[in-house]
Asks: 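Below is one structure. I have some questions about it.
Computed from a predicted model, the values in this text were never measured in an experiment. Naming convention: chains lettered A, B, ... in sequence-line order (proteins, then strands); numbering from 1 in each chain. The analysis underlying the following values was restricted to heavy atoms, covering all of them including side chains, and did not include hydrogens, waters or symmetry mates.
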Protein chains: 2
Amino acid sequence: MARPRIGAERREEILVAFEACVARKGLAKTTLVDVAEQAGQPRPLVRYFIGNRDAMVTALIDRLLERGEAQFRRLPIGSTAEQAIDFVLDQVFADETANIVIMELWHLSLRDASLRARLAAIYERVILEIAALIDGPHPHDRAFCAVALALGAAFFRHLGLAVPNPANVHGASHRLLRSDFSAADRILSA
Amino acid sequence: MARPRIGAERREEILVAFEACVARKGLAKTTLVDVAEQAGQPRPLVRYFIGNRDAMVTALIDRLLERGEAQFRRLPIGSTAEQAIDFVLDQVFADETANIVIMELWHLSLRDASLRARLAAIYERVILEIAALIDGPHPHDRAFCAVALALGAAFFRHLGLAVPNPANVHGASHRLLRSDFSAADRILSA
DNA sequence: ATGTTTATTGTCCGAAATGACAAGATATTA
DNA sequence: TAATATCTTGTCATTTCGGACAATAAACAT
């Protein structure tokens, strides 16, 4: 009785194009025309299938956060804490263009409390999962520090600040997760 | 023979207003009208004293980076590495509104190679100064990790991800700087 | 006082982006 | 094939921002 709905696919195409534009020129400078050209569609179609600009941004956020969570679900169960933080270092913070879009989201969260909360929830979940894998005092704080180190290193890498030897970052994060570091400190100070 | 030049003071007022606007609503959404209102001056005066928008942004960047460097110069000479990283944690990443503007700069650096280089130079200098204070293998990489941890913790704090006990972050960064961690690791693994 | 440099005001223009919508085309089902 | 929901196109209005400039006021030196 009616033409078949292809809205879902169109939406997908548009969001892919939107993401490419955001990675290339930033969220603030990406216009509907940019997205339309990237998607090979006239601009009004973007409005028709997605809605206004806010709706498009919201859809992008949902898409990215969902993808981030899916990535964490790929973490093999039964991993050690060190394998988990290696996973975070090598997989989560690896893709450079994804990192750029994530940084765009981060920036957006500066003035968007709900987005900030969503980002916080994702990272907190990673921290909690790693914390559950380690022993010793303050597991949450130590996992926090390890993930913070991974985040900071990723941000620094984006700046062009290279670590001569990436293995040392892994070693440092492992060191933060080591269960009986206070024992080691006692040994060292003795 | 002429009216006295008050350009320097006006420039300062305008840049203070600009910074306040950027902290409040972000660089991209700060218009010349916003700055003019915040400064209590008509809009054309902003253009008269500063120039166009690019010039204003450039002036803000110079101002912030200069301030950042001045902050590092306040680090007492003869400090230990642990005092230095404490200084970074407690002083450099302390002021919340300054952090927001720094994050704006960081975001801007995503598409501005020269700004990216300037930011990198500042952080690299901090890393090098701390690296010079520690012994053992890979001093640069260990200093890199300690500063990355501080940066990541600051970014997480902005998200609202609180560390139950901030002292643990200090402890973790000290641990990364400890000179003979490989000896400790050997002891622990023995 | 007068001229000269600097500061201040008011106002306009053009570019660019978003939002809105009418009108036409297309595919499916009845 | 005809009705209808869906998709597509073309076009326009509004808003907002940045840039420019002429005209006026103020302060100081001579």
Side-chain angles (χ1 to χ4, degrees), chain A residues 1-62 101 104 107-108 110-112 115, chain B residues 1-63 104 107-108 110-112 115:
Chain A
M1 194 166 177
R3 194 171 171 175
R5 310 190 70 134
I6 60 174
E9 304 158 29
R10 289 292 204 202
R11 266 180 75 91
E12 191 63 19
E13 292 173 22
I14 292 171
L15 288 178
V16 168
F18 188 30
E19 192 174 330
C21 287
V22 169
R24 180 156 39 88
K25 49 190 304 185
L27 178 64
K29 287 200 174 299
T30 294
T31 71
L32 296 183
V33 174
D34 295 327
V35 177
E37 285 177 354
Q38 176 87 26
Q41 299 173 14
R43 185 179 76 90
L45 277 198
V46 173
R47 275 191 61 76
Y48 178 73
F49 284 109
I50 299 272
N52 64 14
R53 197 178 194 279
D54 276 351
M56 195 162 69
V57 173
T58 302
L60 181 68
I61 292 174
D62 290 342
V101 185
E104 290 288 337
H107 179 254
L108 201 61
L110 279 174
R111 276 107 199 163
D112 184 332
L115 174 57
Chain B
M1 194 167 172
R3 193 168 171 175
R5 310 188 68 133
I6 61 174
E9 304 159 30
R10 287 293 203 205
R11 265 180 75 90
E12 190 64 19
E13 292 173 22
I14 292 171
L15 288 179
V16 168
F18 188 28
E19 195 174 327
C21 289
V22 169
R24 178 157 41 87
K25 51 192 300 186
L27 179 62
K29 287 200 174 299
T30 294
T31 71
L32 296 182
V33 175
D34 295 326
V35 177
E37 284 177 355
Q38 176 87 24
Q41 298 173 13
R43 183 178 77 94
L45 277 198
V46 173
R47 277 192 59 77
Y48 180 74
F49 284 109
I50 297 271
N52 63 16
R53 197 178 194 277
D54 276 351
M56 196 162 71
V57 173
T58 302
L60 181 68
I61 292 174
D62 290 343
R63 185 186 162 81
E104 290 289 336
H107 179 255
L108 200 62
L110 279 174
R111 276 105 199 165
D112 183 332
L115 174 57

Asks: Measure the CG-CZ distance between A:Leu27 and A:Phe18 for me, rounded to the nearest 0.5 Å.
Replies: 5.0 Å

Asks: Tell me: OH of A:Tyr48 to P of C:dT26, nearest whole Å?
Replies: 16 Å

Asks: What nucleotide, of D:dT8, C:dT8, D:dG19, holds the atom closest to the side chain of A:Leu45?
Replies: D:dT8

Asks: Can you check the B:Gln41 CD to C:dT8 P distance for me, whole Å?
Replies: 7 Å

Asks: Has B:Asp62 got a side-chain atom pairing as donor or acceptor with B:Ala59's backbone, closer than 3.5 angstrom?
Replies: no

Asks: Look at the side chain of B:Pro44 and decide which nucleotide, out of C:dT6, C:dG10, D:dT6, has an atom nearest to it.
Replies: C:dG10

Asks: Does A:Arg53 have a side-chain nitrogen or oxygen under 4.0 Å from the phosphate oxygens OP1 or OP2 of C:dG19?
Replies: no

Asks: Are any of A:Arg47's side-chain N or O atoms less than 4.0 Å away from OP1 or OP2 of C:dA20?
Replies: yes

Asks: Whole angstrom is fine here: how far is it from CG in B:Asp34 over to P in D:dC17?
Replies: 7 Å

Asks: Assess whether one donor atom and one acceptor atom, taken from the side chain of A:Arg43 and the base of C:dG19, lie less than 3.5 Å apart.
Replies: yes

Asks: Examine D:dT8: is either OP1 or OP2 under 4.0 Å from a nitrogen or oxygen in the side chain of A:Arg10? Give yes or no.
Replies: yes

Asks: I'd like to know whether A:Glu104 forms a salt bridge (Lys or Arg N to Asp or Glu O under 4.0 Å) with B:Arg111, so could you lay out the CA-CA distance, the side-chain angles of the two residues, the decisive distance to 0.1 Å, and finally the verdict.
Replies: CA-CA 11 Å; A:Glu104 290 288 337; B:Arg111 276 105 199 165; 2.3 Å; yes

Asks: So what does B:Phe49 hit on the nucleic acid, given a heavy-atom distance under 4.0 Å: a base, only sugar-phosphate, or nothing?
Replies: sugar-phosphate

Asks: If you measure from NE2 on A:His107 to CG on A:Leu115, what distance do you get to the nearest 0.5 Å?
Replies: 11.5 Å

